[in-house]
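Structure first, then comments.
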Amino acid sequence: LVSLRKIRRRQAMKVIGIRPVSFTGDNKEQISGKIIYVTYPLDKGEGNAAERLFITDDKLNQWTYKPRVGDEVKVEYNRYGRCVGMAKAQ
């Protein structure tokens, strides 16, 4: 799994959908954010793999880049596998 994250960091991913979400967390706090759906080429085999990333609105507001459907992006993960950054691929 760790090696897969490293591969995904190097590969560009295509944003294919963005869905707003809002829910109440375990501590009764309201959490809102976006689920960003992305695809990327399979490392082994043919075709693409798909994945969804949840980003809170607070975190998105701190980013200089705002994801849009159709963009090719590079995703940064922390050591726990959570998305901590995103930039438009060059």
Side-chain angles (χ1 to χ4, degrees):
L1 193 58
V2 172
S3 62
L4 190 59
R5 284 190 193 113
K6 288 179 183 174
I7 290 169
R8 285 188 280 182
R9 276 191 211 133
R10 284 186 240 132
Q11 285 183 340
M13 301 172 138
K14 183 170 185 169
V15 177
I16 59 169
I18 300 173
R19 181 172 60 120
V21 293
S22 184
F23 58 92
T24 303
D26 294 337
N27 60 357
K28 308 284 190 235
E29 185 178 338
Q30 190 67 23
I31 299 169
S32 61
K34 305 273 188 296
I35 294 179
I36 300 173
Y37 297 90
V38 295
T39 61
Y40 53 93
L42 287 171
D43 187 35
K44 296 179 182 176
E46 295 180 36
N48 293 314
E51 170 172 330
R52 68 181 188 174
L53 308 167
F54 174 73
I55 319 302
T56 64
D57 284 337
D58 290 340
K59 192 181 293 184
L60 270 172
N61 290 333
Q62 295 173 7
W63 294 357
T64 55
Y65 168 73
K66 305 297 183 219
R68 294 177 181 222
V69 173
D71 284 354
E72 294 280 332
V73 298
K74 295 272 189 164
V75 177
E76 267 306 310
Y77 295 90
N78 66 14
R79 66 182 182 160
Y80 305 108
R82 295 184 188 247
C83 176
V84 294
M86 189 177 291
K88 194 162 184 174
Q90 298 293 335

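The NZ atom of Lys74 lies 13.0 Å from the OH atom of Tyr65; values are rounded to the nearest 0.5 Å. With rounding to the nearest 0.5 angstrom, the NZ atom of Lys66 is 10.0 Å from the NZ atom of Lys34. For the atom pair OH (Tyr77) and CZ (Arg82), the distance works out to 12.5 Å, reported to the nearest 0.5 Å. Distance SG/Cys83 to CD/Glu51: 9.0 Å, rounded to 0.5 Å.
Through chains of ILVMFWY side-chain contacts below 4.5 Å, Ile31 is grouped with Ile16, Val21, Phe23, Ile35, Tyr37, Phe54.
Residue Ile36 is not grouped with residue Val84 when hydrophobic side chains (ILVMFWY) are merged at heavy-atom distances under 4.5 angstrom, including chains of intermediate members.
Side-chain contact between Leu60 and Pro67: present, with at least one pair of heavy atoms (C-beta onward) separated by less than 4.5 Å. Annotation: side chain of Val15 is not in contact with side chain of Glu72 (no heavy-atom distance under 4.5 Å).
Between Gly33 and Asp57, the shortest heavy-atom distance links the atoms CA-OD1, 3.3 Å. Closest heavy-atom contact between Pro41 and Asn48: CA-OD1, 3.3 Å. Residues Val38 and Met13 share a closest heavy-atom pair of CG2-SD, 3.9 Å.
The environment of Asp26 atom CG is sparse: at most 12 non-hydrogen atoms of other residues, nucleotides or ligands sit within 6.0 angstrom.
If you check the side chains of Glu29 and Thr24, you find no donor sitting under 3.5 Å from an acceptor.
With salt bridges taken as basic N to acidic carboxylate O contacts below 4.0 Å, none links Lys14 and Asp71.
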